[in-house]
Amino acid sequence: MGYNFTDIEQKWQEYWERNKTNKTVEDPSRKKLYILDMFPYPSGAGLHVGHPEGYTATDIFTRFQRLNGVNVLHPIGWDAFGLPAERYAMQTNIHPSVTTEENINTFRRQIKMLGLSYDWDREVNTTDPEYYRWTQWIFLKIYNSWFDFRVNKARPISELIAEFEKQGCSKIDCTLYCGNNDCCFNANGWRMMSELEQQKVLIDFRLVYIAEIPVNWCEALGTVLANEEVDEWVEKGYTVERKPMRQWMMRITAYSERLLEDAAQLDWPSSTVEMQKNWIGRSEGAEVDFAIAGSSEKIRVFTTRPDTIFGATYMVLAPEHPLVDSVTTNAQKKEVETYKKQSILKSELDRGMDKDKTGVFTGGFAVNPATGKEIPIWIADYVLMGYGFGAIMAVPAHDERDWEFAKKFNLPIIEVVKSPHDVNENFYVAKEEPCVNSSNSEVSINGLSYADAFTKIVGWFESKGIGRKKINYKLRDWLFSRQRYWGEPIPIIHWEDGTMSCVDEKELPLKLPNLAKFQPSGTTESPLAIAADWVNVVEPKSGKKGRRETNTMPQWAGSCWYYLRYIDPKNDTIFCDIEKQKYWLPIDLYIGGAEHAVLHLMYARFWHKVLYDLGYVTTSEPFMKLRHQGTILGENNKKMSKSLGNVVNPDDVVNEYGADALRLFEMFMGPLEEMKPWSTKGVEGVYRFLNRVWRLYLTEDEKLNPLITDGQPTQDFLRVYHQTVKKVTEDIPALRFNTAIAKMMIFVNEANKQESLSKRLMEQFIIVLSPFAPHLAEELWSRFGHTESIFKSASWPSFDESLTIMNTVEVVAQVNGKIRAKFLAPLDTPEVTLKDLALAEPNMKVHLDGKQIVKEIIVKNKLVNLVVK
RNA sequence: GCCGAAAUGGCGGAAUUGGCAGACGCGCUGGACUCAAAAUCCAGUUCCCUUUAAAGGAGUGUCGGUUCGACUCCGACUUUCGGCACCA
């Protein structure tokens, strides 16, 4: 029988709720901290033990900081749009909003049961029209923006239109937007365009645009998936195929450089920064144009090895490349068509699976600008349309893939970098050796190192107007539309004349229509297409007919800015007041799963940067410090899963041991960021500790322990106390909760040995314990006669460094680095005395007997090491 | 294949600046209390040799190096986990 945690925890949870103990308001006179948990998706399964891990960590930090007088914003809310609720609706015809609300209620109850100190007045829910009104509003802000590479930031599209009206696109490098300069126009040209033509031009500039692209279509789900999402669903057994479709895209690629650069200053796990870096995939190289023999057209390629251009013996286009048809000769047409069809059907995943090189000759030839020779043009699916220009110059001698391909199809291999072996036997990709066989009448890079050859040959490209230095990124634009019902409607109307317009800001939120059935529409459109009343619109003035966009936003949209809404959750004139942001931003600590390393964390940074450029947010980065909680495995050391039957339900743990025990155990298991297995015995261990605390303070009949008096503590116990305060004070900000708890256990063990206990110390210890076990702490605090919450009436105790130190220390005596004796000496005993004390140890004498001391190492308060021969 | 992280008793882990390896907890062993059990309390618990103690030896994934001294620093390797994967 332990203490009655059920009553105590319920009592204090009700107290906090009634008294709004955790309510937070701006107070410029106080230091602030914004401590955030990753937005939970309220699934039907309820909370699992992984949730309380991160939540408890931030809660302890929050409570600790509040006890230190810091004004802490610590909110929670629900990322509630998403496919599971919609799939449930397809099966049952129960509206997703109904299941969503039920799930949220479960999550809220469970989270409150854990005693987390959220300010519940700031709770947000992405499916609430008052919330997604602003998601739509931000979407429109992004849509109505363009990225100006001249100033490296987003600007309102109206400023671009103003510029076009004045001077056309003369001051803009159009190649960065529409890929060529062919469409360029002057001010008059712009004015002469119809509205539809103008809109088409602007599409290439907007940060949100529609494109016909091959996407990952999942028939069973009735929706497309982002590249990043494909694996997840394929793993679950769904089939994902490639299909060209009209899709909404967000131009995240415009921010490649800034997302990369700014990541360096963030206090994030290095592995996460590294993953984002790899995802962005910056590489420096050159773009070069290869003329097509017998044509005025050119093939543009990206290469990181322009130094090897003299070795380019053939070219490869991606099967989807727009020039494929025009370079293909009649003789090769059939073969090329067949190959194209095959590879377009294959998903990128399938293409990657099979590393065996395949391809076909188009019959066409290009001219290598360095050698002047004609080289064959092939198509092959090892060249991807989505990277670079979807075309490569193949240098088989110095590239693994090109070498394999050349070997298979008998294409010439020419050594242009001095290689340690015959390049016909194997490729050589290293950059250490100088160039060879690389000269023509205008330029020679023979004998030059990689760096010098790179500079010289790119200089030659530039002088000839056929190429230039180029930085390329792996990052691709974000596929933003989903053919779903349960998501934010995209506030765009398509008119019968082909033009598009935004839903007026004043009409937001554009609410989801009520549907009775949620099955896919049968076409590739979302179920919204069925809601005729909602979809079809007429412009009141002109009578022009239009159709609403039926795609909805992906689940990531709502979580891209939720942390801003928490700052100002009820504002109905703006998504977040800028003055409030100035106080609260940026987020000082963000804790959540590592599975969001690239997706959520990259998308949110992107939106934040756009809003920053447009002047709606005050910082360039949202999350300054990020940590991931480690996965909690089942008791059998395997990932928790229903099929393995090793899932632990927090409800059960709380029922049996209480929330304080659950919190304490999750923190005691090991380092926050590491993966670690659950242990029911371990929960019992910390539960025993809480009971020891209870009994230390209260007698059997719940009277204050009579040993607690106004007397003085012993020197030794006073030291343990100060050591405990120090350890916990230092460990909490460093998120080392396991060692902080260990020290508190030592304190309680020592306290139990005392013949009398200082009331002052014992009261202070409750404060030290309170961030970890807030319910128990509140209860004990009240037993000392306090009438207000510990978190309102107490402040974090200070420690005296000098009192943490022992005045007698144990010193180790070593001979040749091996411990031969230990002895006690007063603190700061001089070295000479330490040596004498060591020499006096009987066992030292044994080991020193007959030997000569050649060296003495004496470390004050620690050790004496005598080196002998 | 490439990038990143990790490896310490029977188990989770501690030792953050090179200075007593194994804090704290679990488990286990013995004891106290009890008619008995639970709960609680006390003692012990890295391994080997030893009747015990003293004393000794080995020991932080493997091999080697630096150092008076290495879990900690350096080099090579093994294994596990996470990510990326024809990215030109």
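Per chain, numbering begins at 1; letters A, B, ... match sequence-line order. Fair warning: this is a prediction, and the values are worked out from it, not measured in the lab.
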May I ask which nucleotide in the shown strands pairs with [N], Watson-Crick or G-U wobble, both distances under 3.5 Å?
{"N": "B:C73", "answer": "B:G65"}
{"N": "B:A53", "answer": "none"}
{"N": "B:A38", "answer": "none"}
{"N": "B:A58", "answer": "B:U46"}
{"N": "B:A21", "answer": "none"}
{"N": "B:C81", "answer": "B:G4"}
{"N": "B:C26", "answer": "B:G10"}

Establish, from distance only, whether the side-chain atoms of [X] and [Y] form a donor-acceptor pair under 3.5 Å.
{"X": "A:T253", "Y": "A:D477", "value": "yes"}
{"X": "A:Y721", "Y": "A:T804", "value": "no"}
{"X": "A:E635", "Y": "A:T680", "value": "yes"}

So what does [X] hit on the nucleic acid, given a heavy-atom distance under 4.0 Å: a base, only sugar-phosphate, or nothing?
{"X": "A:P671", "answer": "sugar-phosphate"}
{"X": "A:K277", "answer": "nothing"}
{"X": "A:G685", "answer": "sugar-phosphate"}
{"X": "A:Q814", "answer": "base"}
{"X": "A:E810", "answer": "base"}
{"X": "A:H628", "answer": "nothing"}

Distance in angstrom units between [X] [atom1] and [N] [atom2], rounded:
{"X": "A:D731", "N": "B:A23", "atom1": "CG", "atom2": "P", "answer": "17 Å"}
{"X": "A:L690", "N": "B:C26", "atom1": "CG", "atom2": "C1'", "answer": "16 Å"}
{"X": "A:I377", "N": "B:A88", "atom1": "CD1", "atom2": "P", "answer": "22 Å"}
{"X": "A:I819", "N": "B:A21", "atom1": "CD1", "atom2": "C1'", "answer": "9 Å"}
{"X": "A:E673", "N": "B:G83", "atom1": "CD", "atom2": "P", "answer": "16 Å"}

For [Y], is there an ion pair with [X] - N to carboxylate O distance below 4.0 angstrom?
{"X": "A:R695", "Y": "A:E700", "result": "no"}
{"X": "A:K753", "Y": "A:E750", "result": "yes"}
{"X": "A:E730", "Y": "A:K726", "result": "yes"}

For [N] versus [M], give the span between their [atom1] atoms, rounded off to a whole number of Å.
{"N": "B:U8", "M": "B:U46", "atom1": "C1'", "answer": "10 Å"}
{"N": "B:G61", "M": "B:U78", "atom1": "C1'", "answer": "7 Å"}
{"N": "B:A55", "M": "B:G4", "atom1": "P", "answer": "48 Å"}
{"N": "B:G9", "M": "B:G18", "atom1": "C1'", "answer": "24 Å"}
{"N": "B:G27", "M": "B:C11", "atom1": "C1'", "answer": "7 Å"}
{"N": "B:U79", "M": "B:U40", "atom1": "P", "answer": "45 Å"}
{"N": "B:U60", "M": "B:C47", "atom1": "P", "answer": "16 Å"}
{"N": "B:G13", "M": "B:C84", "atom1": "P", "answer": "25 Å"}

Query raised in the report: Do you know which of A:Y687, A:F665, A:F5, A:Y3 makes ring pair (Phe, Tyr, Trp, His ring centres under 6.0 Å) with A:Y657?
Result: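 It is A:Y687, the one option of A:Y687, A:F665, A:F5, A:Y3 that forms the ring pair (Phe, Tyr, Trp, His ring centres under 6.0 Å) with A:Y657.
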Query raised in the report: Closest nucleotide of RNA chain B for A:F389 versus for A:R820: which of these residues is on the 5' side?
Result: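 Looking at RNA chain B, the more 5' nearest nucleotide goes with A:R820.
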Query raised in the report: Nearest nucleotide by nearest heavy atom, which residue falls closer to the 5' end of RNA chain B, A:I857 or A:S679?
Result: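 Comparing both residues, the 5'-ward one is A:S679.
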Candidates [options] - which lies nearest the side chain of [X]:
{"X": "A:L863", "options": "B:C20, B:G19, B:A88", "answer": "B:G19"}
{"X": "A:K855", "options": "B:C20, B:C68, B:C86", "answer": "B:C68"}
{"X": "A:M745", "options": "B:G13, B:G19, B:C24", "answer": "B:C24"}
{"X": "A:K681", "options": "B:A88, B:A15, B:G27", "answer": "B:G27"}
{"X": "A:N865", "options": "B:G13, B:C68, B:C24", "answer": "B:C68"}
{"X": "A:W279", "options": "B:A15, B:C84, B:A88", "answer": "B:C84"}
{"X": "A:N738", "options": "B:G13, B:G19, B:A88", "answer": "B:G13"}

Atom pairs under 3.5 Å: protein N/O with N/O of nucleotides 40-45 of chain B:
from  : atom 1 : to     : atom 2 : distance (Å)
B:U40 : O3'    : A:R695 : NH2    : 3.2

Is the distance from OP1 or OP2 of [N] to the nearest side-chain N or O of [X] less than 4.0 Å?
{"X": "A:K822", "N": "B:C20", "answer": "no"}
{"X": "A:N843", "N": "B:G56", "answer": "yes"}
{"X": "A:K357", "N": "B:A88", "answer": "no"}

Requested in this report: Answer yes or no on whether A:R605 is positioned over the face of A:W556, meaning its NZ or CZ is under 6.0 Å from the six-membered ring centre and within 45° of the axis.
Outcome: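 No; the conditions do not both hold, so A:R605 does not lie above the ring face of A:W556.
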Query - Worked check of salt bridge (Lys or Arg N to Asp or Glu O under 4.0 Å) between A:E53 and A:K676 - result: CA-CA 11 Å; A:E53 192 189 9; A:K676 52 227 165 219; 2.7 Å; yes
Query raised in the report: Are the aromatic rings of A:F405 and A:Y382 close, with centres under 6.0 Å apart?
Result: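 Ring centres of A:Y382 and A:F405 closer than 6.0 Å.
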Query raised in the report: Are A:F747 and A:F717 near enough that their ring centres are under 6.0 Å apart?
Result: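 That pair passes the under 6.0 Å test.
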Check: protein-nucleotides 2-12 of chain B nitrogen or oxygen pairs below 3.5 Å:
from  : atom 1 : to     : atom 2 : distance (Å)
B:G12 : O2'    : A:M669 : O      : 2.6

Query - Syn or anti for B:G9 (syn when the glycosidic angle lies within 90° of 0) - result: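 What B:G9 shows is a syn base, its glycosidic angle lying within 90° of 0.
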Query raised in the report: Which of parallel (below 30°), tilted (30 to 60°) and perpendicular (above 60°) describes A:Y697 and A:F765?
Result: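 Ring orientation, 0 to 90° scale: parallel.
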Query raised in the report: Out of A:K431, A:E415, A:M393, which one pairs with A:T308 under the side chain to side chain contact (heavy atoms under 4.5 Å, CB included) rule?
Result: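 Of the listed residues A:K431, A:E415, A:M393, the side chain to side chain contact (heavy atoms under 4.5 Å, CB included) partner of A:T308 is A:M393.
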